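Please read the structure below before turning to the comments.
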Amino acid sequence: MSGARVWVAVGVIRDEMGRICICQRQAGQHQAGKWEFPGGKVEAGETLPQALTRELQEEIGIQVEACEPLLAIEHDYGDKQVLLDVWLVSRFAGVARGLEGQPLRWVSVPELADYGFPAANQAIVAHLQGMRQD
Ligand SMILES: Nc1nc2c([nH]c(=O)n2[C@H]2C[C@H](O)[C@@H](COP(=O)(O)OP(=O)(O)OP(=O)(O)O)O2)c(=O)[nH]1
Ligand SMILES: [Mg+2]
């Protein structure tokens, strides 16, 4: 184990058709090439909803209107430890686009199985697969 633990606000953004927004992590980033749920590090003094709202505005240009906590995951990648605070975003304004050049897709919950996610995300995907989709 090495380094400090990074606290991350992660958004599972669901549209009116039940699809989920995923983005591909870029070259040079930790876990590059893997798909993720958009989000990023919580800054000092921020609440989780504040961090989530800021990150989703910065990364994909949407405004969070309703969100609720889904689950929290601690994971040790060896080179980095993360605490992912995963929130469900059930209402938002704006059109999601990859503002940092990252590929972005809307996929159904079954389709999540076709994408390569960081190891910590397996618990998120399993949680979504076990949830009622209404
Ligand atoms: N956003 C996001 N990060 C994830 C997921 N799964 C996962 O292991 N992570 C890890 C990868 C990174 O080590 C960390 C998130 O950092 P980040 O690179 O998104 O942080 P950030 O947006 O604030 O970007 P920066 O400060 O590096 O510019 O959490 C996920 O689904 N979404
Ligand atoms: Mg990020």
Side-chain angles (χ1 to χ4, degrees):
M1 231 169 74
S2 62
R5 190 173 68 168
V6 177
W7 188 23
V8 184
V10 172
V12 169
I13 307 159
R14 200 164 58 182
D15 72 6
E16 61 286 349
M17 291 161 67
R19 296 177 310 180
I20 308 289
C21 179
I22 59 172
C23 293
Q24 193 170 29
R25 294 184 64 82
Q26 304 267 69
Q29 284 187 308
H30 185 234
Q31 297 288 311
K34 299 281 174 62
W35 290 81
E36 67 168 10
F37 304 102
K41 299 177 197 78
V42 180
E43 292 178 359
E46 279 183 330
T47 65
L48 254 298
Q50 284 169 346
L52 186 67
T53 299
R54 177 184 50 73
E55 285 285 347
L56 298 189
Q57 175 68 58
E58 288 174 4
E59 292 190 355
I60 61 171
I62 64 163
Q63 296 82 50
V64 174
E65 293 181 336
C67 62
E68 61 188 84
L70 207 57
L71 77 166
I73 298 159
E74 279 190 90
H75 189 82
D76 185 355
Y77 285 108
D79 57 341
K80 195 167 177 179
Q81 293 90 49
V82 295
L83 169 59
L84 306 181
D85 248 297
V86 186
W87 286 55
L88 178 69
V89 176
S90 52
R91 212 155 44 94
F92 61 92
V95 177
R97 55 207 190 279
L99 293 178
E100 297 170 344
Q102 71 279 34
L104 179 153
R105 293 195 192 160
W106 288 97
V107 299
S108 68
V109 169
E111 284 170 338
L112 291 172
D114 301 336
Y115 290 84
F117 287 94
N121 287 46
Q122 294 317 316
I124 308 174
V125 172
H127 186 90
L128 294 174
Q129 287 167 340
M131 254 171 79
R132 289 182 48 175
Q133 305 301 314
D134 55 6

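We use all heavy atoms of the structure for the numbers below, so side chains are in, but hydrogens, waters and symmetry mates are not. Here the structure is a predicted model, which is why all the values come from computation and not from measurement. Just so you know, ligand 1 is whichever comes first in the structure, and atom 1 is the first atom listed for that ligand.
Each of the following atoms of ligand 1 lies closer than 4.0 Å to a heavy atom of Gly40: 19 (O), 20 (O), 21 (P), 22 (O), 23 (O). Those atoms of ligand 1 with a heavy atom of Lys80 less than 4.0 angstrom away are 12 (C), 13 (O). Against a heavy-atom cut-off of under 4.0 Å, Gly39 is close to the following atoms of ligand 1: 1 (N), 19 (O), 22 (O). The contact set between ligand 1 and Glu59, taken as ligand atoms under 4.0 Å from a residue heavy atom, comprises 22 (O). Near Tyr77, meaning under 4.0 Å from any of its heavy atoms, are these atoms of ligand 1: 7 (C), 8 (O).
Inclusion of Val82 in the set of residues having an N or O under 3.5 Å from an N or O of ligand 1 is not warranted. By the 3.5 Å distance cut-off applied to N or O atoms, Ala120 is not counted among the residues near ligand 1.
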Run Glu111 and Arg19 through salt bridge (Lys or Arg N to Asp or Glu O under 4.0 Å) and show every step you take.
CA-CA 9 Å; Glu111 284 170 338; Arg19 296 177 310 180; over 6 Å; no
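With respect to atom 9 (N) of ligand 1, the closest heavy atom belonging to the protein is Leu84 CD2, 3.9 Å. The protein atom (non-hydrogen) at minimum distance from atom 28 (O) of ligand 1 is Lys41 NZ, 4.5 Å. Looking at atom 32 (N) of ligand 1, its nearest protein heavy atom turns out to be Phe37 O, 2.6 Å. For atom 29 (O) of ligand 1, the nearest protein heavy atom (residue, atom name, distance) is Val8 CG2, 3.6 Å. When hydrogens are left out, the protein atom nearest atom 3 (N) of ligand 1 is Glu36 OE1, 3.5 Å; that is the closest non-hydrogen contact. Atom 31 (O) of ligand 1 has its closest protein heavy atom at Asn121 ND2, 2.7 Å.
Using bins of under 30°, 30° to 60° and over 60° for the plane-to-plane angle, the ring pair Trp35/Tyr115 lands in the perpendicular bin.
When the heavy atoms of His75, Arg54, Arg25, His30 are ranked by distance to atom 17 (P) of ligand 1, first place goes to Arg25.
Looking only at N/O/S atoms, Glu59 comes nearest to the Mg ion (ligand 2) through OE2.
Under the 4.0 Å distance rule, the nearest protein heavy atom to atom 6 (N) of ligand 1 falls inside the cut-off.
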